[in-house]
Amino acid sequence: MTLEEIHGQEAAPVGHDWMQGAGKALHELLVSAQRRGCLTAGVYESAKLMNVDPDNVAFCVLATDEEDEGDIALQIHFTLIQAFCCENDIDIVRVNDVAKLAAIVGPSEESGEARDLHCILITNPNEDGWKDPALEKLNLFCEESRNVNDWVPTITLPE
C-alpha cells in the first residue's frame with residue numbers, strides 16, 4: 001500500500017505542463033515580489049531574516065548551477081534552510097539555473113552589483129490584503145509535490 005492509497009490522494013501531475021505552469025508562476029511571483037519590495041536575496045541575508053522574523057516568510061527558493069553541486073558549505077546551508085522551512089511550514093522549491101534567476105531578479109537595486117541568488121525569500125508585504133495568485137499556485141504545487149514525497153521540488157524557469 002502506498003502513501004497515496006493510505007491518505008486517499010492522487011499523485012501530483014508530473015507532466016511537462018504542470019512543471020511549466022509552476023515555472024511561470026515562480027517567474028511571476030519573483031517579479032511581483034521584487035516590485036513590492038518583498039524579496040530577500042542571499043544565503044546570509046535570508047538566514048538573518050528567518051532568524052528575526054520567520055512568520056513573515058511566505059516562500060523560499062534555493063538555486064544552484066552544476067558548479068555549485070560540489071560546494072559542501074552551500075549544501076550545508078541549504079540543508080539548514082530546508083529544515084527551518086519545514087519546521088516553520090514555509091513552502092520551498094529548487095531551481096537549477098542561477099543565470100535564469102539572475103535574468104528575472106537582476107542586480108541589486110542599491111549597488112547595481114550581482115547578488116547572491118542561491119537563496120531567495122519572498123516575504124509578506126505590510127499590506128494585509130495582498131494575495132498573489134502566483135504564490136497560491138506555487139503553494140498548491142508544493143502541496144501536491146509533498147503528496148508524492150517530493151519535499152523540495154525542482155522547478156524549471158521558462159525561457
Side-chain angles (χ1 to χ4, degrees), residues 11-54 56-124 132 134-159:
V14 292
H16 181 70
D17 292 340
W18 179 249
M19 292 299 290
Q20 194 173 24
K24 287 180 183 177
L26 180 58
H27 183 276
E28 292 169 13
L29 178 63
L30 291 169
V31 170
S32 174
Q34 185 162 353
R35 217 176 321 122
R36 293 180 178 275
C38 303
L39 187 140
T40 301
V43 172
Y44 295 110
E45 292 81 1
S46 297
K48 285 190 278 186
L49 177 65
M50 286 190 280
N51 187 44
V52 173
D53 193 9
N56 198 33
V57 178
F59 199 78
C60 179
V61 178
L62 298 178
T64 58
D65 279 329
E66 284 184 26
E67 65 263 9
D68 295 324
E69 294 300 323
D71 187 343
I72 299 301
L74 183 61
Q75 297 308 318
I76 291 170
H77 287 297
F78 280 6
T79 300
L80 294 172
I81 290 168
Q82 289 175 113
F84 184 88
C85 289
C86 288
E87 182 75 21
N88 289 282
D89 296 321
I90 299 167
D91 286 327
I92 183 170
V93 296
R94 278 188 171 254
V95 173
N96 288 333
D97 195 336
V98 178
K100 281 185 187 176
L101 205 52
I104 296 168
V105 176
S108 172
E109 292 177 10
E110 298 87 42
S111 66
E113 294 180 16
R115 303 191 252 191
D116 171 14
L117 299 176
H118 289 106
C119 182
I120 295 177
L121 297 181
I122 308 298
T123 56
N124 292 317
D132 192 308
L135 179 58
E136 292 175 14
K137 286 179 191 174
L138 286 167
N139 288 335
L140 178 61
F141 173 79
C142 288
E143 183 179 331
E144 291 292 326
S145 295
R146 284 191 298 272
N147 287 339
V148 293
N149 289 327
D150 187 3
W151 296 95
V152 184
T154 300
I155 291 180
T156 302
L157 291 167
E159 294 298 322

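Since we're looking at a predicted model, the values are computed, not measured.
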So Leu29 and Asp132, side chain to side chain contact (heavy atoms under 4.5 Å, CB included) or not? Walk me through it. CA-CA 7 Å; Leu29 178 63; Asp132 192 308; 3.9 Å; yes
Is any side-chain heavy atom of Val105 less than 4.5 Å from a side-chain heavy atom of Ile120? yes
I'd like to know if the side chain of Asn88 and the backbone of Phe84 have a donor-acceptor N/O pair within less than 3.5 Å. yes
Could you please spell out the steps behind the side chain to side chain contact (heavy atoms under 4.5 Å, CB included) verdict for Phe59 and Thr123? CA-CA 7 Å; Phe59 199 78; Thr123 56; over 6 Å; no
Side chain to side chain contact (heavy atoms under 4.5 Å, CB included) evaluation trace for Cys85 with Asp91: CA-CA 7 Å; Cys85 289; Asp91 286 327; over 6 Å; no
Counting N and O atoms only, with roles assigned by atom type, does the side chain of Asp116 sit under 3.5 Å from a partner on the main chain of Val43, one being a donor and the other an acceptor? yes
pair Cys119-Ile81: side-chain heavy atoms closer than 4.5 Å: yes
Could you report the tightest heavy-atom contact between Ala58 and Leu135, atom names first, then the distance? CB-CD2, 4.1 Å
Separation between CD (Glu45) and CG (Leu121), nearest 0.5 Å, reads 10.0 Å
Can you check whether Leu26 reaches Leu157 side chain to side chain, under 4.5 Å on heavy atoms? yes
Roughly how far apart are Glu28 CD and Leu138 CG, rounded to 0.5 Å? 9.0 Å
Between Arg115 and Thr40 (side chain of the first, backbone of the second, donor and acceptor by atom type, cut-off under 3.5 Å), is there such a pair? no
Check the angle between the aromatic planes of Tyr44 and His77 and answer parallel, tilted or perpendicular using the 30° and 60° thresholds. perpendicular
Mind checking the CH2-OG spacing from Trp151 to Ser145? Nearest 0.5 Å is all I need. 10.5 Å
Test item: Cys38 and Asn124 side chains (from C-beta on) under 4.5 Å apart, heavy atoms: no
Is there side-chain contact between Ile155 and Phe141, with at least one heavy-atom pair below 4.5 Å? yes
Lys100 side chain near Val95 side chain, heavy-atom distance below 4.5 Å: no
Indicate yes or no: at least one non-hydrogen side-chain atom of Asp97 is less than 4.5 angstrom from one of Thr156. no
Distance from His118 atom NE2 to Gln75 atom CD, nearest 0.5 Å? 9.0 Å
Provide the closest heavy-atom pair for Phe78 versus Arg94 in the form atom of the first, atom of the second, distance. CD2-NH2, 3.2 Å
Could you note down all residue pairs passing salt bridge (Lys or Arg N to Asp or Glu O under 4.0 Å) where residues 56-75 supplies at least one of them, sequence neighbours left out? none
Do Leu39 and Ile122 have side-chain heavy atoms sitting under 4.5 Å apart? yes
